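Before any comments, here is the structure.
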Amino acid sequence: MVPMFLFIMGFCTLVPGSYALHLSKPVLQGPSHAPEKSIIEYFCEVPDKPENLTILYELFTENNKDRPTGEYTSTHSEKANFPLKTKLSYEGPIVCKASGFNNSDIVPAYSNSIDFRIFYPVSEAIISSPEELWEGQDLILVCNITAGTHVSYNWRINNVAVGVPYDRTVNTLTIKNVAVHDAGNYTCEASNRFNETETFTSQSNAKDIVVKEYLSKPEISFSIVKDETITAQVTCQSFKGTPPINFTLYNDSVVLSRETTDSLKHTFSVAISLNQYMGTVHCHVSNEGNEAQSQPLRLEVVSVGGAVTMRREVDMASNFQVVGLKLFCKVDRGTLPQYYWYFNGNRLDERGTFYAVAWPDHSLLLLSVSPESSGVYHCEAGNKFENTSIVRSVKLPISKDELNRVPTKVVVTIFTCFSLLVAAVTACCFYGVIYRRRLSSSEYILDEAATEMDRLHEGDAETDSMTSDECNEVEEEDYLEDEDVVIEAKMDDSDQSYVESVEELISIVQELLKSTEPEKDSTSEP
Ligand SMILES: *[C@@H]1O[C@H](CO)[C@@H](O)[C@H](O)[C@H]1NC(C)=O
Ligand SMILES: *[C@@H]1O[C@H](CO)[C@@H](O)[C@H](O)[C@H]1NC(C)=O
Ligand SMILES: *[C@@H]1O[C@H](CO)[C@@H](O)[C@H](O)[C@H]1NC(C)=O
Ligand SMILES: *[C@@H]1O[C@H](CO)[C@@H](O)[C@H](O)[C@H]1NC(C)=O
Ligand SMILES: *[C@@H]1O[C@H](CO)[C@@H](O)[C@H](O)[C@H]1NC(C)=O
Ligand SMILES: *[C@@H]1O[C@H](CO)[C@@H](O)[C@H](O)[C@H]1NC(C)=O
Ligand SMILES: *[C@@H]1O[C@H](CO)[C@@H](O)[C@H](O)[C@H]1NC(C)=O
Ligand SMILES: *[C@@H]1O[C@H](CO)[C@@H](O)[C@H](O)[C@H]1NC(C)=O
């Protein structure tokens, strides 16, 4: 708007003829801000203006560009002055225009502009907010001021600038989808500033915003307490939710107990008998926002009984030495078993130099295998809630050497395998010897090989009609047969000269085979 206004004014100055008289740019002076309905004054003057020239000064505001807000005719070179009673409509750039009075030969000139604002210092910021808020809702806070114009707002939570981005020119702060971490002490600071020295600030009251939470689905669990009677302590716990919370324990659909508390957890005492099904219970929670229900819980406590078994798992080092052991203890029956570990008949604590008892019920013992840890281990199982019914496992001796000795079973297996291997090799040798005796001389083998080659060559012609795969198969089988014979013959003889002749023979046969190889390739590619 302002540039357009100035542009039009500038354009107008170009219209008159070149013989016209140009005035210097007038200087406008006056306040940039004032309260509404107050009297202010602007002054306008053309510097170095020609003497004896009557000048018409006009004052224009942004909202009324067509009609001057003030007029002044200067006949004696005096400054123009414009007294004004401030109005909201005067806000914006104010400009003074100078022109020749009844003299169109003088080109009008426009002054600097002064940005005028109606000004009220801010006062009394007060936050208004909803009374209560549930998670997921939108929080809208209003910073209400009793007075103030051109105000900028700053919001703080617990004395720290609010994290979410917001518009500082409006008095509301909106936080969408609030969560518990948005709760806190909110304050707003309203301020306005009109020049370098005058800044006004108003600090609001602190508003404590509480975000209420819906209850999460409760977890149900129980433990047993035994004194004269046996009691199940059924605990119902939600992980979030704003108190007060109503807890109700149901046996199917029958209410067993009801309680209103300020905590997220409540424990009900239910008298029970051991080794007897006492029904299926669940708990129900509710607060002002919602209600939720736990999983059902079968109320049956079986006392420990049956056999106690131990199982072990080994940890090996890279050299296959057993360096660690995990012992697991398990009792056949028992809803709430508690395990105890013994070393050479002494009860083990939670942790020692070479062991650690782990898992909530101590059913696992971790052992570092060392000379120190050699001894006899056993475990016992009892009920968590009493000491009387104890069941004992068998005793397990453990020593480092024992663990690293190769087990007899493995020795037997390896020995058997080895024996079988020796037997097989011996059988092969005998077979080779007998076979060799059947061959009169090494020449026979050569002849045999040569005829075999011939047969192969003849076979080539026949196998031309075969598919390449069939062809390869036939040749390969024949080839392997020959080699077997030769190798067996070589294997079973210790006679040096014979070995030499056989080696010679092998090389001859191999050469022969090589010479057939290119042909073989060509036949396999029809
Ligand atoms: C202005 O007017 C006065 C009196 O009328 C005269 O004496 C003077 O010379 C004029 N000055 C100019 C620059 O015309
Ligand atoms: C302006 O000039 C016109 C004639 O050109 C005349 O009628 C009028 O009265 C003058 N106005 C003033 C204020 O002197
Ligand atoms: C702000 O204050 C005014 C006057 O005190 C009141 O009328 C108005 O309702 C308030 N606004 C809010 C959002 O509280
Ligand atoms: C919020 O601030 C007020 C004033 O500083 C203080 O009285 C109040 O205890 C604070 N509330 C919380 C929750 O910090
Ligand atoms: C700011 O405005 C006030 C009142 O209008 C005035 O008294 C003061 O001199 C101004 N300060 C500056 C630096 O402009
Ligand atoms: C739950 O109800 C069953 C069936 O009515 C009943 O046998 C059982 O004793 C009840 N359990 C408790 C803990 O009251
Ligand atoms: C909690 O229980 C009481 C009494 O049984 C009842 O008046 C109240 O409305 C309940 N509140 C909720 C949040 O369920
Ligand atoms: C179990 O027996 C130990 C002593 O061996 C005793 O200190 C402990 O209180 C008993 N625990 C229970 C639940 O009876």
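Order of listing sets the numbers, starting from 1, for every ligand and every atom in it. Worth saying up front: this structure is predicted, and the values here are computed from it rather than measured.
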Practice task
In plain terms, say whether Glu36 and Lys87 are close enough for a salt bridge, that is, a side-chain N and a carboxylate O under 4.0 Å apart.
Solution key: no
Exercise for the section: Check ligand 6 against Val270 and write out every atom of the ligand that is under 4.0 Å from a heavy-atom position of the residue. Expected result: 13 (C)
Practice task
Answer yes or no for Lys79 and Phe43: cation-pi contact, defined as NZ/CZ to six-membered ring centre under 6.0 Å and angle to ring axis within 45°.
Solution key: yes
Exercise for the section: May I ask you to say whether Lys240 pairs ionically with Glu135, meaning some side-chain N is under 4.0 Å from a carboxylate O? Expected result: yes
Practice task
Using a cut-off of 6.0 Å, state whether more than 12 heavy atoms not belonging to Lys395 lie near its atom NZ.
Solution key: no
Listed pairs under 3.5 Å, donor-acceptor, residues 261-268 side chains, sequence neighbours left out:
unit_1: Thr261; atom_1: OG1; unit_2: Ser263; atom_2: N; d: 3.3
unit_1: Thr261; atom_1: OG1; unit_2: Ser263; atom_2: O; d: 3.0
unit_1: Ser263; atom_1: OG; unit_2: Lys265; atom_2: N; d: 3.3
unit_1: Ser263; atom_1: OG; unit_2: Lys265; atom_2: O; d: 2.8
unit_1: Thr267; atom_1: OG1; unit_2: Thr235; atom_2: OG1; d: 3.1

When you pair each N or O of ligand 7 with protein N or O atoms, which pairs come out under 3.5 Å?
unit_1: ligand 7; atom_1: 2 (O); unit_2: Asn246; atom_2: OD1; d: 3.4
unit_1: ligand 7; atom_1: 2 (O); unit_2: Asn246; atom_2: ND2; d: 2.1
unit_1: ligand 7; atom_1: 11 (N); unit_2: Asn246; atom_2: ND2; d: 2.9
unit_1: ligand 7; atom_1: 14 (O); unit_2: Asn246; atom_2: ND2; d: 3.3
unit_1: ligand 7; atom_1: 14 (O); unit_2: Ser286; atom_2: OG; d: 2.9

Problem - Met278 N/O to ligand 6 N/O under 3.5 Å - result: yes
Practice task
Answer yes or no for Arg311 and Phe328: cation-pi contact, defined as NZ/CZ to six-membered ring centre under 6.0 Å and angle to ring axis within 45°.
Solution key: yes
Practice task
Measure from the ring center of Phe354 to the ring center of Phe343 and say whether it is less than 6.0 Å.
Solution key: yes
